[in-house]
Visitor: 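The structure is given below, and queries will be raised subsequently.
Atoms within a ligand are numbered from 1 in the order they appear, just like the ligands themselves. Worth saying up front: this structure is predicted, and the values here are computed from it rather than measured.
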Amino acid sequence: MKIFLDSADTSIIKKLYCTGLIDGVTTNPTLIRKSGRDPIDVYSELQELGVPDISMEVSGDVGEMYDEAQKLASQFGQVATIKLPMTVDGLLVCQQLSKQLIRTNVTLIFSIPQAILAAKAGATYVSPFVGRLDDQQIAGLEVVRGISSLYSSKGIRTQVLAASIRNVHRAVRSFYNGAQIVTMPPNVFEDMYNHMLTDAGLDIFQKDINAMSN
Ligand code: E4P
C-alpha cells in the first residue's frame, strides 16, 4: 500500500515527506505549470530530498518522447519513472524503455482495454484517473477494480497506481479495489490523519492530564 503525492509544489512535498509515510511523487504538465518552475529544477529538488520514485511526464512524437526519457533516466537514474501517454506512440516508447529496465507510468488510463495494452507494452505502472471518470458519471473505482482483478488473475506484474484522487474516500476505496499505489494531492494526504473523535479524545485526555497535575 504505497502513497504517492500528486504535486510539483516542492515546499509542501518537503513538509509531508518528513512524515516518513510517502513513497513517491507524481507530476504532470499541469502541476509543473502551476509550480511556475522548470521541471528539471523540481525533479532535482525532489531527488535531493530523497524521494525514491518521481513520475516525470514526457511529450511529443515517438522520437521526442524517447530522447527526453533517455535524458531524464540518465540524469535522475533510479528515481526516474517516465510518464507516458496512453497513445500508440506512448506505448511504443514504453516497450523500448521497459526493455532497458527503465520504470514507466502509462497515464490517462480510463478503461480496461487501455490497461491491457499498457501491460502488454511492459508498463511498470498504469494510472487510471478515478476523479475524471467520476466527473463523466463513470465509476472510476470500478475501473480500478476491473484492472486490478484482471492483472492479478493473469499474473501481470504491472502495478495499478490510482490517480486523479479528490478525497480520502476515493483514496481508501482505490486500495480496497486493488490499487497497489494511490497518488493523492497533499490536502487529501493530510485529511487521512483526521477524525473528529481523535480530536475529541485528545481534548478529554488533555483535560485529565491537566486535572492530575493540579
Ligand atoms: C497523476 O498522475 C495525474 O496526472 C493526476 O492525478 C491527475 O489529476 P486531476 O484529474 O485532478 O488533474
Visitor: Are the side chain of Asp41 and the backbone N or O of Arg37 linked by a donor-acceptor pair below 3.5 Å?
Guide: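 Between the backbone of Arg37 and the side chain of Asp41 there is no qualifying donor-acceptor contact (under 3.5 Å).
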Visitor: Gln95: what forms a side-chain contact (heavy atoms from CB on, under 4.5 Å) with it, not counting sequence neighbours?
Guide: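 Per chain and number, Gln95 pairs via side-chain contact (heavy atoms from CB on, under 4.5 Å) with Leu92, Ala121.
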Visitor: Please identify each residue that fulfils side-chain contact (heavy atoms from CB on, under 4.5 Å) with Leu21, with sequence neighbours left out.
Guide: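 Result, side-chain contact (heavy atoms from CB on, under 4.5 Å) vs Leu21: Thr19, Phe189, Tyr193.
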Visitor: Looking only at distances, can you tell me whether any N or O atom of Asp6, backbone or side chain, sits closer than 3.5 Å to an N or O atom of ligand 1?
Guide: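 It does: an N or O of Asp6 is found under 3.5 Å from an N or O of ligand 1.
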Visitor: Under a 4.5 Å cut-off applied to non-hydrogen side-chain atoms, are Ile54 and Phe76 in contact?
Guide: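 No, their side chains stay 4.5 Å or more apart.
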Visitor: What I want to find out is whether Asp134 reaches Arg170 closely enough, with some N-O distance under 4.0 Å, to be called a salt bridge.
Guide: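 Salt bridge between Asp134 and Arg170, a charged N being under 4.0 Å from a carboxylate O: yes.
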Visitor: Looking at ligand 1, does Arg166 have a heavy atom less than 4.0 Å from it?
Guide: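 So Arg166 counts as touching ligand 1.
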Visitor: Need the ligand 1 atom indices (1-based, order shown) with element for anything under 4.0 Å from a heavy-atom of Phe129.
Guide: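 Those qualifying, in numeric order: 3 (C), 4 (O), 7 (C).
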Visitor: With atoms numbered from 1 as shown, which atoms in ligand 1 lie under 4.0 angstrom from a non-hydrogen atom of Arg132?
Guide: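 Reading through ligand 1 atom by atom, the close ones are 7 (C), 9 (P), 10 (O), 12 (O).
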Visitor: Is it the case that atom CZ in Arg33 sees more than 12 heavy atoms from other parts of the structure closer than 6.0 Å?
Guide: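 No - once you tally the heavy atoms of other residues, nucleotides and ligands closer than 6.0 Å, there are 12 at most.
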Visitor: Go through ligand 1 atom by atom and flag the ones less than 4.0 Å from a non-hydrogen atom of Ser164.
Guide: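 Heavy-atom distances to Ser164 below 4.0 Å select 5 (C), 6 (O), 8 (O), 9 (P), 10 (O), 11 (O).
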Visitor: Any idea which atoms of ligand 1 are less than 4.0 Å away from a heavy-atom of Lys83?
Guide: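 Listed by number with element: 1 (C), 2 (O), 3 (C), 4 (O).
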Visitor: Number the atoms of ligand 1 from 1 as they appear, then name those within less than 4.0 Å of a heavy atom of Asn28, with their elements.
Guide: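 Near Asn28, the atoms of ligand 1 are 3 (C), 4 (O), 5 (C), 7 (C).
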